[in-house]
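Note on naming: letters A, B, ... go to the chains in the order of the sequence lines (proteins, then strands), and numbering restarts at 1 for each one. Predicted model only: the values in this text are computed from it and were never measured.
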Amino acid sequence: MTGPPPSGGKALAEIIAERRRKAELLQQAGTPAWGVDFSPSLTCAQAAEQAPGEPEQLGDEARVAGRILRLRSSGGIAFADCSDASGTLQLLASRDDPENDLVDQLAELDLGDIVGAEGRLTRTRRGEPSLRLVRLTLLAKSLRPPAAKTRGLVNVEQRYRRRYLDLLSDPSQREIFRQRTEVIRALRRALDERSYLEVETPVLQPIPGGGAARPFRTHYHSLDSDLYLRIAVELYLKRLLVGGFERVYEIGRTFRNEGLSPRHSPEFTLLEAYQAYADLGSMKELCQDLVAAAAAAAPLADGVQTEQGAISLEPPFPSQTMSQLVHQLTGLDLDLLWEKPERMVEEAGRLSVEVAADASSGTVLYAIYEQLVEPNLSGPLFVTDFPVEVSPLARLGPDPRFVERFELVVAGRELANAFAELNDPIDQRRRLQEQARLRSAGDFDSQPFDEDFVEALEHGMPPAGGIGIGVDRLVMLVTGAQSIRDVILFPTLRPQSGEGQVGEEAQSPSAP
RNA sequence: GCCGCCAUGGCGCAGUGGUAGCGCAGGGGCCUUUUAAGCCCAGGGUCGCAGGUUCGAAUCCUGCUGGCGGCACCA
(Lines give C-alpha, C1' and ligand atoms only; values in the text may rest on other atoms or scores of the structure.)
Protein backbone atom coordinates (compact mmCIF):
# COMPACT_ATOMS: atom_id res chain seq x y z
CA MET A 1 0.00 0.00 0.00
CA THR A 2 1.31 3.40 -0.86
CA GLY A 3 -0.05 6.88 -0.42
CA PRO A 4 -0.79 8.95 2.64
CA PRO A 5 -2.15 7.18 5.69
CA PRO A 6 -5.91 7.57 5.84
CA SER A 7 -7.22 9.89 8.51
CA GLY A 8 -9.49 8.50 11.20
CA GLY A 9 -9.38 5.45 13.38
CA LYS A 10 -8.28 1.90 12.83
CA ALA A 11 -11.69 0.73 11.64
CA LEU A 12 -11.74 3.35 8.90
CA ALA A 13 -8.18 2.44 7.94
CA GLU A 14 -9.27 -1.17 7.58
CA ILE A 15 -12.25 -0.25 5.44
CA ILE A 16 -10.07 1.83 3.16
CA ALA A 17 -7.43 -0.88 2.98
CA GLU A 18 -10.10 -3.41 2.02
CA ARG A 19 -11.38 -1.18 -0.77
CA ARG A 20 -7.88 -0.51 -2.05
CA ARG A 21 -7.24 -4.23 -2.06
CA LYS A 22 -10.36 -4.77 -4.17
CA ALA A 23 -9.25 -2.08 -6.60
CA GLU A 24 -5.80 -3.66 -6.90
CA LEU A 25 -7.21 -7.13 -7.47
CA LEU A 26 -9.43 -5.78 -10.22
CA GLN A 27 -6.54 -3.95 -11.86
CA GLN A 28 -4.39 -7.08 -11.68
CA ALA A 29 -7.20 -8.90 -13.47
CA GLY A 30 -7.08 -6.26 -16.20
CA THR A 31 -10.13 -4.28 -15.06
CA PRO A 32 -9.26 -0.66 -14.42
CA ALA A 33 -10.81 0.81 -11.27
CA TRP A 34 -10.68 4.34 -12.62
CA GLY A 35 -10.35 6.24 -15.84
CA VAL A 36 -12.68 4.32 -18.13
CA ASP A 37 -14.94 6.25 -20.50
CA PHE A 38 -18.63 5.51 -20.62
CA SER A 39 -21.49 7.24 -22.45
CA PRO A 40 -24.91 6.77 -20.91
CA SER A 41 -27.81 6.69 -23.35
CA LEU A 42 -30.34 7.72 -20.71
CA THR A 43 -30.44 9.33 -17.29
CA CYS A 44 -31.63 7.14 -14.44
CA ALA A 45 -34.92 9.04 -14.34
CA GLN A 46 -35.46 8.68 -18.08
CA ALA A 47 -34.65 4.97 -17.91
CA ALA A 48 -37.11 4.46 -15.06
CA GLU A 49 -39.76 6.22 -17.08
CA GLN A 50 -39.11 4.09 -20.17
CA ALA A 51 -39.25 0.78 -18.32
CA PRO A 52 -42.00 -1.57 -19.57
CA GLY A 53 -45.36 -1.34 -17.87
CA GLU A 54 -45.75 -5.02 -17.04
CA PRO A 55 -43.65 -6.87 -14.44
CA GLU A 56 -40.86 -9.10 -15.78
CA GLN A 57 -41.31 -7.84 -19.33
CA LEU A 58 -38.07 -6.96 -21.11
CA GLY A 59 -37.97 -3.59 -22.86
CA ASP A 60 -35.40 -1.44 -24.65
CA GLU A 61 -31.67 -1.58 -24.27
CA ALA A 62 -30.24 1.23 -22.18
CA ARG A 63 -26.98 2.49 -20.69
CA VAL A 64 -26.94 4.47 -17.47
CA ALA A 65 -24.16 5.68 -15.21
CA GLY A 66 -24.19 6.65 -11.58
CA ARG A 67 -23.16 6.06 -8.00
CA ILE A 68 -24.10 2.89 -6.10
CA LEU A 69 -26.12 3.95 -3.07
CA ARG A 70 -27.51 0.62 -1.85
CA LEU A 71 -26.82 -3.03 -2.55
CA ARG A 72 -29.07 -6.06 -1.93
CA SER A 73 -28.37 -9.58 -2.95
CA SER A 74 -30.36 -12.72 -2.45
CA GLY A 75 -28.44 -15.76 -3.63
CA GLY A 76 -29.13 -15.98 -7.28
CA ILE A 77 -30.15 -12.39 -7.80
CA ALA A 78 -28.60 -9.06 -6.90
CA PHE A 79 -29.90 -5.52 -6.87
CA ALA A 80 -28.20 -2.14 -6.68
CA ASP A 81 -29.61 1.36 -6.52
CA CYS A 82 -27.74 3.50 -9.02
CA SER A 83 -28.09 7.25 -8.64
CA ASP A 84 -27.25 10.10 -10.98
CA ALA A 85 -28.23 13.77 -10.95
CA SER A 86 -31.69 12.93 -12.29
CA GLY A 87 -32.65 10.28 -9.75
CA THR A 88 -32.22 6.58 -9.03
CA LEU A 89 -32.56 3.42 -11.09
CA GLN A 90 -32.41 -0.13 -9.77
CA LEU A 91 -29.85 -2.42 -11.40
CA LEU A 92 -30.60 -6.15 -11.46
CA ALA A 93 -28.36 -9.16 -12.16
CA SER A 94 -29.68 -12.70 -12.29
CA ARG A 95 -28.06 -16.14 -12.34
CA ASP A 96 -30.65 -17.14 -14.93
CA ASP A 97 -29.02 -14.82 -17.47
CA PRO A 98 -26.12 -15.88 -19.70
CA GLU A 99 -24.02 -13.20 -17.98
CA ASN A 100 -24.52 -14.89 -14.61
CA ASP A 101 -21.15 -13.72 -13.26
CA LEU A 102 -22.70 -10.26 -13.05
CA VAL A 103 -24.45 -11.32 -9.85
CA ASP A 104 -21.07 -11.56 -8.15
CA GLN A 105 -19.70 -8.48 -9.90
CA LEU A 106 -22.62 -6.43 -8.67
CA ALA A 107 -22.51 -7.84 -5.16
CA GLU A 108 -18.78 -7.14 -4.90
CA LEU A 109 -19.21 -3.45 -5.54
CA ASP A 110 -18.89 -1.11 -2.58
CA LEU A 111 -21.35 1.61 -1.70
CA GLY A 112 -20.16 4.79 -3.33
CA ASP A 113 -18.62 3.16 -6.40
CA ILE A 114 -19.48 4.82 -9.70
CA VAL A 115 -20.44 2.42 -12.48
CA GLY A 116 -21.67 2.30 -16.03
CA ALA A 117 -24.46 -0.22 -16.53
CA GLU A 118 -25.77 -1.70 -19.77
CA GLY A 119 -28.76 -3.96 -20.21
CA ARG A 120 -32.47 -4.19 -20.97
CA LEU A 121 -35.06 -2.12 -19.17
CA THR A 122 -37.52 -4.14 -17.17
CA ARG A 123 -39.80 -4.05 -14.17
CA THR A 124 -39.59 -6.38 -11.17
CA ARG A 125 -42.45 -8.39 -9.71
CA ARG A 126 -42.97 -5.64 -7.19
CA GLY A 127 -43.14 -3.09 -10.01
CA GLU A 128 -39.75 -1.43 -9.53
CA PRO A 129 -38.31 -0.07 -12.79
CA SER A 130 -34.94 -1.78 -13.26
CA LEU A 131 -32.10 -2.35 -15.66
CA ARG A 132 -31.40 -6.06 -16.20
CA LEU A 133 -27.63 -6.10 -16.69
CA VAL A 134 -25.69 -7.56 -19.56
CA ARG A 135 -22.55 -5.57 -18.76
CA LEU A 136 -21.22 -3.65 -15.79
CA THR A 137 -18.25 -1.27 -16.00
CA LEU A 138 -16.51 0.17 -12.95
CA LEU A 139 -15.87 3.84 -13.67
CA ALA A 140 -14.56 5.03 -10.31
CA LYS A 141 -13.84 2.91 -7.26
CA SER A 142 -14.72 4.69 -4.02
CA LEU A 143 -12.05 4.11 -1.41
CA ARG A 144 -13.93 5.65 1.49
CA PRO A 145 -17.18 4.48 3.02
CA PRO A 146 -20.21 6.66 2.35
CA ALA A 147 -20.97 9.17 5.08
CA ALA A 148 -24.63 8.42 5.15
CA LYS A 149 -26.57 5.65 3.46
CA THR A 150 -30.10 6.85 3.92
CA ARG A 151 -30.45 10.07 5.83
CA GLY A 152 -28.20 12.91 4.82
CA LEU A 153 -25.32 14.14 6.92
CA VAL A 154 -26.45 15.47 10.28
CA ASN A 155 -23.16 16.82 11.64
CA VAL A 156 -23.34 20.49 10.73
CA GLU A 157 -19.61 21.04 10.71
CA GLN A 158 -19.09 18.14 8.31
CA ARG A 159 -21.86 19.44 6.09
CA TYR A 160 -20.07 22.78 5.68
CA ARG A 161 -16.48 21.61 5.69
CA ARG A 162 -17.02 18.71 3.33
CA ARG A 163 -19.96 19.92 1.33
CA TYR A 164 -19.50 17.24 -1.31
CA LEU A 165 -20.54 14.65 1.27
CA ASP A 166 -23.60 16.69 2.15
CA LEU A 167 -24.52 17.03 -1.51
CA LEU A 168 -23.96 13.41 -2.45
CA SER A 169 -25.83 12.00 0.52
CA ASP A 170 -28.79 14.37 0.38
CA PRO A 171 -30.38 15.34 -2.95
CA SER A 172 -32.44 18.03 -1.24
CA GLN A 173 -29.20 19.87 -0.52
CA ARG A 174 -28.32 19.76 -4.20
CA GLU A 175 -31.78 21.15 -4.89
CA ILE A 176 -31.17 24.20 -2.70
CA PHE A 177 -28.05 25.11 -4.65
CA ARG A 178 -29.75 24.45 -7.96
CA GLN A 179 -32.45 26.87 -6.85
CA ARG A 180 -29.82 29.39 -5.87
CA THR A 181 -28.57 29.33 -9.44
CA GLU A 182 -32.13 29.64 -10.75
CA VAL A 183 -32.69 32.71 -8.58
CA ILE A 184 -29.53 34.40 -9.86
CA ARG A 185 -30.46 33.54 -13.43
CA ALA A 186 -33.90 35.04 -12.91
CA LEU A 187 -32.35 38.24 -11.54
CA ARG A 188 -30.04 38.49 -14.56
CA ARG A 189 -32.91 37.80 -16.94
CA ALA A 190 -35.10 40.48 -15.36
CA LEU A 191 -32.32 43.07 -15.57
CA ASP A 192 -31.25 42.06 -19.09
CA GLU A 193 -34.86 42.34 -20.25
CA ARG A 194 -34.88 45.91 -18.96
CA SER A 195 -31.80 46.72 -21.05
CA TYR A 196 -29.39 46.79 -18.13
CA LEU A 197 -25.81 46.05 -19.06
CA GLU A 198 -23.99 43.58 -16.85
CA VAL A 199 -20.48 44.78 -16.05
CA GLU A 200 -17.51 43.70 -13.96
CA THR A 201 -15.67 46.15 -11.76
CA PRO A 202 -12.61 45.65 -9.54
CA VAL A 203 -12.66 43.30 -6.60
CA LEU A 204 -9.23 44.63 -5.59
CA GLN A 205 -9.71 48.28 -4.82
CA PRO A 206 -7.21 50.88 -3.58
CA ILE A 207 -10.00 52.77 -1.81
CA PRO A 208 -12.82 50.58 -0.48
CA GLY A 209 -15.92 52.77 -0.76
CA GLY A 210 -19.61 52.58 -1.37
CA GLY A 211 -20.71 51.23 1.97
CA ALA A 212 -20.28 51.36 5.70
CA ALA A 213 -18.16 48.32 6.49
CA ARG A 214 -14.71 47.25 7.50
CA PRO A 215 -12.76 45.86 4.53
CA PHE A 216 -10.25 43.04 4.14
CA ARG A 217 -6.77 44.29 3.29
CA THR A 218 -4.26 42.56 1.08
CA HIS A 219 -0.98 43.41 -0.58
CA TYR A 220 0.01 43.38 -4.23
CA HIS A 221 3.72 42.71 -4.51
CA SER A 222 4.26 43.85 -8.09
CA LEU A 223 3.05 47.34 -7.31
CA ASP A 224 4.12 47.12 -3.66
CA SER A 225 0.80 48.58 -2.66
CA ASP A 226 -1.99 47.69 -0.28
CA LEU A 227 -5.31 46.88 -1.83
CA TYR A 228 -8.70 46.16 -0.30
CA LEU A 229 -11.31 43.60 -1.21
CA ARG A 230 -14.41 45.49 -2.28
CA ILE A 231 -17.21 46.09 0.22
CA ALA A 232 -19.52 47.37 -2.55
CA VAL A 233 -19.46 48.16 -6.24
CA GLU A 234 -21.40 51.41 -6.04
CA LEU A 235 -18.68 53.96 -6.75
CA TYR A 236 -17.48 52.13 -9.85
CA LEU A 237 -20.96 51.69 -11.28
CA LYS A 238 -21.63 55.39 -10.79
CA ARG A 239 -18.44 56.21 -12.67
CA LEU A 240 -19.96 54.20 -15.52
CA LEU A 241 -23.06 56.42 -15.40
CA VAL A 242 -20.72 59.38 -15.81
CA GLY A 243 -19.16 57.49 -18.72
CA GLY A 244 -22.45 57.35 -20.57
CA PHE A 245 -23.86 53.93 -19.73
CA GLU A 246 -27.38 54.53 -18.52
CA ARG A 247 -28.32 51.16 -17.04
CA VAL A 248 -25.65 48.97 -15.46
CA TYR A 249 -25.58 46.17 -12.93
CA GLU A 250 -23.17 43.78 -11.35
CA ILE A 251 -23.77 40.55 -9.46
CA GLY A 252 -20.64 39.59 -7.62
CA ARG A 253 -18.80 38.53 -4.55
CA THR A 254 -18.27 41.23 -2.00
CA PHE A 255 -16.27 41.05 1.20
CA ARG A 256 -16.76 42.54 4.63
CA ASN A 257 -14.38 42.01 7.52
CA GLU A 258 -17.11 41.61 10.09
CA GLY A 259 -18.74 39.09 12.37
CA LEU A 260 -20.17 35.76 11.36
CA SER A 261 -23.81 34.93 12.02
CA PRO A 262 -26.67 32.96 10.49
CA ARG A 263 -27.27 36.05 8.36
CA HIS A 264 -23.71 37.27 7.76
CA SER A 265 -20.89 35.76 5.79
CA PRO A 266 -17.56 37.55 5.25
CA GLU A 267 -17.95 36.94 1.54
CA PHE A 268 -21.40 37.32 0.11
CA THR A 269 -23.05 37.94 -3.22
CA LEU A 270 -24.32 41.41 -3.86
CA LEU A 271 -26.45 42.70 -6.71
CA GLU A 272 -26.18 46.39 -7.47
CA ALA A 273 -28.03 48.15 -10.30
CA TYR A 274 -28.01 51.79 -11.38
CA GLN A 275 -30.32 53.53 -13.80
CA ALA A 276 -29.87 57.06 -15.12
CA TYR A 277 -32.94 59.31 -15.04
CA ALA A 278 -34.80 56.88 -12.77
CA ASP A 279 -36.58 58.14 -9.67
CA LEU A 280 -37.12 56.26 -6.45
CA GLY A 281 -40.53 55.04 -7.60
CA SER A 282 -38.94 53.31 -10.58
CA MET A 283 -36.46 51.64 -8.25
CA LYS A 284 -39.33 50.37 -6.09
CA GLU A 285 -40.90 48.80 -9.15
CA LEU A 286 -37.60 47.26 -10.17
CA CYS A 287 -37.06 45.96 -6.65
CA GLN A 288 -40.52 44.37 -6.49
CA ASP A 289 -40.05 42.77 -9.88
CA LEU A 290 -36.66 41.34 -8.94
CA VAL A 291 -37.94 39.87 -5.68
CA ALA A 292 -41.00 38.42 -7.40
CA ALA A 293 -38.81 36.95 -10.15
CA ALA A 294 -36.59 35.33 -7.51
CA ALA A 295 -39.58 33.87 -5.71
CA ALA A 296 -40.96 32.49 -8.96
CA ALA A 297 -37.60 30.91 -9.77
CA ALA A 298 -37.57 28.85 -6.59
CA PRO A 299 -41.20 28.11 -5.80
CA LEU A 300 -41.66 26.65 -2.32
CA ALA A 301 -44.44 24.16 -1.86
CA ASP A 302 -45.77 25.85 1.26
CA GLY A 303 -44.93 29.44 0.31
CA VAL A 304 -42.43 31.78 1.89
CA GLN A 305 -42.39 31.28 5.65
CA THR A 306 -41.03 33.78 8.13
CA GLU A 307 -40.94 33.86 11.90
CA GLN A 308 -44.08 35.96 11.68
CA GLY A 309 -45.85 33.42 9.47
CA ALA A 310 -46.43 32.92 5.78
CA ILE A 311 -45.99 35.96 3.56
CA SER A 312 -46.61 36.85 -0.06
CA LEU A 313 -43.90 38.27 -2.29
CA GLU A 314 -46.50 39.29 -4.85
CA PRO A 315 -46.05 42.99 -5.84
CA PRO A 316 -46.88 45.72 -5.05
CA PHE A 317 -45.28 46.11 -1.62
CA PRO A 318 -46.53 48.85 0.73
CA SER A 319 -44.37 51.77 1.88
CA GLN A 320 -43.99 53.60 5.18
CA THR A 321 -41.59 56.28 6.32
CA MET A 322 -39.14 55.52 9.07
CA SER A 323 -40.58 58.37 11.14
CA GLN A 324 -44.10 56.94 10.82
CA LEU A 325 -42.93 53.52 11.90
CA VAL A 326 -41.07 54.87 14.92
CA HIS A 327 -43.99 57.11 15.83
CA GLN A 328 -46.43 54.19 15.64
CA LEU A 329 -44.32 52.10 17.96
CA THR A 330 -43.21 54.72 20.47
CA GLY A 331 -45.72 57.56 20.17
CA LEU A 332 -42.84 60.03 19.98
CA ASP A 333 -43.60 63.33 18.24
CA LEU A 334 -40.44 63.47 16.19
CA ASP A 335 -41.13 66.85 14.60
CA LEU A 336 -41.40 68.38 18.05
CA LEU A 337 -38.24 66.71 19.31
CA TRP A 338 -36.09 67.11 16.21
CA GLU A 339 -34.55 70.48 17.14
CA LYS A 340 -33.54 69.08 20.54
CA PRO A 341 -31.30 66.10 19.83
CA GLU A 342 -30.46 65.81 23.55
CA ARG A 343 -34.18 65.12 24.17
CA MET A 344 -34.09 62.49 21.43
CA VAL A 345 -31.12 60.85 23.17
CA GLU A 346 -33.09 60.86 26.43
CA GLU A 347 -36.11 59.25 24.78
CA ALA A 348 -33.87 56.62 23.24
CA GLY A 349 -32.45 55.85 26.68
CA ARG A 350 -35.98 55.45 28.00
CA LEU A 351 -36.59 52.91 25.24
CA SER A 352 -33.34 51.09 26.12
CA VAL A 353 -31.78 52.06 22.81
CA GLU A 354 -28.16 53.02 23.35
CA VAL A 355 -26.84 56.01 21.45
CA ALA A 356 -23.91 58.38 21.92
CA ALA A 357 -24.69 61.34 24.17
CA ASP A 358 -23.97 63.79 21.35
CA ALA A 359 -25.90 61.84 18.69
CA SER A 360 -27.94 63.84 16.20
CA SER A 361 -31.70 63.44 15.94
CA GLY A 362 -31.38 61.53 12.67
CA THR A 363 -28.90 59.10 14.15
CA VAL A 364 -31.20 58.48 17.12
CA LEU A 365 -34.21 57.94 14.86
CA TYR A 366 -32.26 55.39 12.86
CA ALA A 367 -31.06 53.62 16.01
CA ILE A 368 -34.61 53.31 17.36
CA TYR A 369 -35.84 52.05 14.01
CA GLU A 370 -33.07 49.48 13.67
CA GLN A 371 -33.32 48.12 17.18
CA LEU A 372 -37.02 48.26 17.90
CA VAL A 373 -38.91 48.43 14.62
CA GLU A 374 -37.06 46.56 11.88
CA PRO A 375 -36.65 43.20 13.67
CA ASN A 376 -40.42 42.97 14.11
CA LEU A 377 -41.45 43.90 10.59
CA SER A 378 -42.85 40.95 8.70
CA GLY A 379 -43.01 42.74 5.38
CA PRO A 380 -42.49 42.92 2.55
CA LEU A 381 -42.41 46.64 3.33
CA PHE A 382 -40.53 49.56 1.80
CA VAL A 383 -39.19 51.73 4.60
CA THR A 384 -38.53 55.21 3.24
CA ASP A 385 -37.11 58.59 4.27
CA PHE A 386 -33.84 57.71 5.97
CA PRO A 387 -31.99 60.39 7.96
CA VAL A 388 -29.28 62.10 5.95
CA GLU A 389 -26.66 61.30 8.58
CA VAL A 390 -26.78 57.58 7.80
CA SER A 391 -26.95 57.96 4.02
CA PRO A 392 -23.84 59.70 2.72
CA LEU A 393 -24.39 58.75 -0.92
CA ALA A 394 -28.11 59.53 -1.30
CA ARG A 395 -29.83 62.64 -2.56
CA LEU A 396 -31.70 64.92 -0.17
CA GLY A 397 -35.48 64.76 -0.30
CA PRO A 398 -37.98 67.61 -0.14
CA ASP A 399 -37.41 67.64 3.63
CA PRO A 400 -33.63 68.08 3.87
CA ARG A 401 -33.47 66.08 7.11
CA PHE A 402 -34.14 62.98 5.05
CA VAL A 403 -32.86 61.46 1.86
CA GLU A 404 -34.64 59.74 -0.99
CA ARG A 405 -33.94 56.21 0.06
CA PHE A 406 -35.79 53.00 0.84
CA GLU A 407 -34.97 49.64 2.29
CA LEU A 408 -37.07 46.61 1.53
CA VAL A 409 -37.63 44.72 4.78
CA VAL A 410 -38.83 41.12 4.83
CA ALA A 411 -38.97 38.97 7.95
CA GLY A 412 -37.24 41.61 10.04
CA ARG A 413 -34.31 41.78 7.73
CA GLU A 414 -33.05 44.25 5.20
CA LEU A 415 -33.23 42.62 1.80
CA ALA A 416 -32.63 45.59 -0.50
CA ASN A 417 -31.42 49.14 -0.15
CA ALA A 418 -32.04 51.81 -2.78
CA PHE A 419 -31.77 55.51 -3.21
CA ALA A 420 -31.88 58.41 -5.54
CA GLU A 421 -28.17 58.84 -6.03
CA LEU A 422 -26.48 62.02 -4.95
CA ASN A 423 -25.07 63.70 -8.04
CA ASP A 424 -24.17 67.06 -6.49
CA PRO A 425 -20.36 66.88 -6.46
CA ILE A 426 -20.00 69.74 -3.98
CA ASP A 427 -22.36 68.12 -1.46
CA GLN A 428 -20.82 64.70 -2.14
CA ARG A 429 -17.33 66.03 -1.43
CA ARG A 430 -18.53 67.51 1.85
CA ARG A 431 -20.29 64.31 2.96
CA LEU A 432 -17.39 62.04 2.05
CA GLN A 433 -15.00 64.37 3.88
CA GLU A 434 -17.18 63.95 6.96
CA GLN A 435 -17.00 60.17 6.53
CA ALA A 436 -13.22 60.37 6.18
CA ARG A 437 -13.06 62.45 9.35
CA LEU A 438 -15.02 59.79 11.27
CA ARG A 439 -12.76 57.15 9.82
CA SER A 440 -9.56 58.84 10.87
CA ALA A 441 -11.15 59.24 14.30
CA GLY A 442 -11.19 55.43 14.49
CA ASP A 443 -14.52 54.46 12.93
CA PHE A 444 -13.39 51.69 10.57
CA ASP A 445 -16.85 51.43 9.07
CA SER A 446 -16.85 54.95 7.67
CA GLN A 447 -15.74 55.43 4.11
CA PRO A 448 -12.35 56.76 3.10
CA PHE A 449 -12.30 59.78 0.82
CA ASP A 450 -12.23 58.91 -2.88
CA GLU A 451 -11.00 61.92 -4.83
CA ASP A 452 -11.29 60.20 -8.19
CA PHE A 453 -14.95 59.39 -7.55
CA VAL A 454 -15.79 62.96 -6.60
CA GLU A 455 -13.90 64.21 -9.62
CA ALA A 456 -16.00 61.90 -11.80
CA LEU A 457 -19.14 63.48 -10.33
CA GLU A 458 -17.70 66.91 -11.13
CA HIS A 459 -17.87 65.95 -14.80
CA GLY A 460 -21.62 65.49 -14.32
CA MET A 461 -23.53 62.33 -13.44
CA PRO A 462 -27.15 62.11 -14.57
CA PRO A 463 -29.72 61.89 -11.79
CA ALA A 464 -30.07 58.18 -11.15
CA GLY A 465 -31.65 55.54 -9.03
CA GLY A 466 -29.57 52.77 -7.56
CA ILE A 467 -30.33 49.57 -5.70
CA GLY A 468 -28.40 46.90 -3.84
CA ILE A 469 -29.79 43.46 -3.01
CA GLY A 470 -28.23 40.85 -0.75
CA VAL A 471 -28.51 37.83 -3.03
CA ASP A 472 -27.68 35.24 -0.35
CA ARG A 473 -30.44 36.54 1.88
CA LEU A 474 -32.86 36.60 -1.01
CA VAL A 475 -32.00 32.97 -1.70
CA MET A 476 -32.46 32.14 1.99
CA LEU A 477 -35.88 33.71 1.91
CA VAL A 478 -37.16 31.92 -1.15
CA THR A 479 -35.62 28.54 -0.25
CA GLY A 480 -36.60 28.70 3.40
CA ALA A 481 -32.97 28.35 4.58
CA GLN A 482 -32.39 29.28 8.22
CA SER A 483 -28.69 30.04 7.88
CA ILE A 484 -26.71 31.87 5.21
CA ARG A 485 -24.25 28.95 5.34
CA ASP A 486 -26.99 26.75 3.95
CA VAL A 487 -27.06 28.74 0.71
CA ILE A 488 -23.28 29.18 0.33
CA LEU A 489 -21.59 26.06 -1.01
CA PHE A 490 -18.35 26.43 0.91
CA PRO A 491 -18.98 28.83 3.77
CA THR A 492 -16.12 30.44 5.67
CA LEU A 493 -15.15 28.37 8.73
CA ARG A 494 -12.26 28.62 11.10
CA PRO A 495 -9.35 26.63 9.65
CA GLN A 496 -8.72 23.35 11.41
CA SER A 497 -5.32 23.07 13.08
CA GLY A 498 -2.72 22.48 10.40
CA GLU A 499 -4.71 24.46 7.86
CA GLY A 500 -4.29 28.16 7.27
CA GLN A 501 -0.48 28.00 7.42
CA VAL A 502 0.06 28.46 3.71
CA GLY A 503 3.26 30.44 4.12
CA GLU A 504 4.35 33.36 2.01
CA GLU A 505 3.23 32.78 -1.56
CA ALA A 506 5.61 35.46 -2.84
CA GLN A 507 8.53 33.22 -1.85
CA SER A 508 7.48 30.71 -4.47
CA PRO A 509 10.01 30.86 -7.32
CA SER A 510 7.32 29.84 -9.80
CA ALA A 511 5.02 32.73 -8.95
CA PRO A 512 4.16 34.46 -12.23
C1' G B 1 -14.08 39.75 21.11
C1' C B 2 -17.77 38.19 25.22
C1' C B 3 -21.64 34.55 27.01
C1' G B 4 -24.21 29.79 26.62
C1' C B 5 -24.73 24.85 24.54
C1' C B 6 -22.35 20.75 22.01
C1' A B 7 -18.06 17.05 20.67
C1' U B 8 -18.70 8.82 22.18
C1' G B 9 -16.26 3.44 16.11
C1' G B 10 -16.70 5.65 8.90
C1' C B 11 -22.20 7.64 9.63
C1' G B 12 -26.57 8.16 13.10
C1' C B 13 -27.15 7.62 18.31
C1' A B 14 -27.49 5.47 23.83
C1' G B 15 -24.65 5.58 28.14
C1' U B 16 -24.43 11.45 34.30
C1' G B 17 -18.79 8.16 38.98
C1' G B 18 -17.58 1.28 38.73
C1' U B 19 -13.70 0.86 33.29
C1' A B 20 -18.41 1.60 26.64
C1' G B 21 -23.15 -0.31 23.89
C1' C B 22 -27.03 -0.21 19.67
C1' G B 23 -28.42 0.51 14.34
C1' C B 24 -26.28 1.36 9.57
C1' A B 25 -21.58 0.75 7.01
C1' G B 26 -17.17 -2.88 6.72
C1' G B 27 -15.48 -8.70 7.09
C1' G B 28 -17.24 -14.23 6.87
C1' G B 29 -21.63 -17.24 5.80
C1' C B 30 -27.10 -18.39 4.18
C1' C B 31 -30.96 -16.87 0.86
C1' U B 32 -33.30 -16.72 -7.12
C1' U B 33 -37.54 -10.35 -7.27
C1' U B 34 -35.17 -7.13 -3.23
C1' U B 35 -36.84 -1.77 -1.96
C1' A B 36 -33.17 1.54 4.48
C1' A B 37 -34.11 -6.44 2.15
C1' G B 38 -33.71 -10.42 5.90
C1' C B 39 -31.11 -14.15 9.07
C1' C B 40 -26.44 -16.24 11.51
C1' C B 41 -21.13 -15.41 13.05
C1' A B 42 -16.87 -12.67 14.22
C1' G B 43 -14.41 -7.77 14.29
C1' G B 44 -13.75 -2.48 14.93
C1' G B 45 -13.16 2.78 20.39
C1' U B 46 -6.43 5.96 23.85
C1' C B 47 -15.24 8.59 24.54
C1' G B 48 -12.19 16.14 20.49
C1' C B 49 -7.06 17.46 22.97
C1' A B 50 -4.22 18.44 27.65
C1' G B 51 -4.25 18.66 32.75
C1' G B 52 -6.80 17.98 37.59
C1' U B 53 -10.24 15.67 41.48
C1' U B 54 -11.20 10.47 42.88
C1' C B 55 -9.64 3.86 45.03
C1' G B 56 -11.99 4.46 40.15
C1' A B 57 -13.76 9.56 35.05
C1' A B 58 -17.14 9.11 28.61
C1' U B 59 -19.58 11.04 33.17
C1' C B 60 -17.14 16.01 37.97
C1' C B 61 -13.48 20.53 37.57
C1' U B 62 -9.87 23.72 34.65
C1' G B 63 -7.59 25.08 30.11
C1' C B 64 -7.33 24.45 24.81
C1' U B 65 -9.35 23.18 19.76
C1' G B 66 -13.59 23.03 16.57
C1' G B 67 -18.97 23.67 15.67
C1' C B 68 -23.78 25.86 16.72
C1' G B 69 -26.71 29.81 18.96
C1' G B 70 -26.89 34.70 21.28
C1' C B 71 -24.56 39.63 22.10
C1' A B 72 -21.34 43.29 19.75
C1' C B 73 -20.15 44.90 14.45
C1' C B 74 -22.96 44.70 9.99
C1' A B 75 -25.97 43.28 4.82
Report task. Could you tell me which nucleotide pairs with B:rC68 by Watson-Crick or G-U wobble geometry, both distances under 3.5 Å, or answer none if nothing does? Result -> B:rG4
Query raised in the report: With both distances under 3.5 angstrom, what nucleotide forms a Watson-Crick or G-U wobble pair with B:rU33?
Result: none
Query raised in the report: Taking only N and O in the side chain of A:R485, is any of them less than 4.0 Å away from OP1 or OP2 of B:rC68?
Result: yes
Query raised in the report: Between A:K22 and A:Q158, which has a closest nucleotide on RNA chain B that is more 5'?
Result: A:Q158
Query raised in the report: Between the base of B:rU34 and the side chain of A:R70, is there any donor-acceptor pair under 3.5 Å?
Result: no
Query raised in the report: Taking for each residue the nucleotide of RNA chain B bearing the nearest heavy atom, is the 5' side occupied by A:L109 or by A:I484?
Result: A:L109
Query raised in the report: Of A:K22, A:K141, A:R70, A:R67, which is the lone residue that meets salt bridge (Lys or Arg N to Asp or Glu O under 4.0 Å) with A:D113?
Result: A:K141
Requested in this report: Check whether any side-chain N or O of A:R72 sits under 4.0 Å from OP1 or OP2 of B:rU34, and answer yes or no.
Outcome: no
Requested in this report: Record whether the side chain of A:T124 comes under 3.5 Å of the base of B:rU35 through a donor-acceptor pair of N or O atoms.
Outcome: yes
Report task. May I ask you to verify if any side-chain N or O of A:R473 is less than 4.0 angstrom from the OP1 or OP2 atom of B:rA75? Result -> no
Query raised in the report: Does the ring of A:F268 meet both stacking tests against the six-membered base ring of B:rA75: centre distance under 5.5 Å and plane angle under 30°?
Result: yes
Requested in this report: Taking only the side-chain heavy atoms of A:I15 (C-beta and beyond), determine which of B:rA75, B:rG27, B:rG10 contains the nearest atom.
Outcome: B:rG10
Requested in this report: Determine the interatomic distance between P on B:rC3 and the same-named atom on B:rA72; round to the nearest Å.
Outcome: 16 Å
Requested in this report: Classify the ring geometry between A:Y366 and A:F386 as parallel (under 30°), tilted (30 to 60°) or perpendicular (over 60°).
Outcome: tilted
Requested in this report: Could you check which nucleotide pairs with B:rC13 in any of the strands shown, counting Watson-Crick or G-U wobble with both distances under 3.5 Å?
Outcome: B:rG21
Report task. Give a yes/no answer on whether the side chain of A:R126 brings an N or O atom under 4.0 Å of OP1 or OP2 in B:rU34. Result -> yes
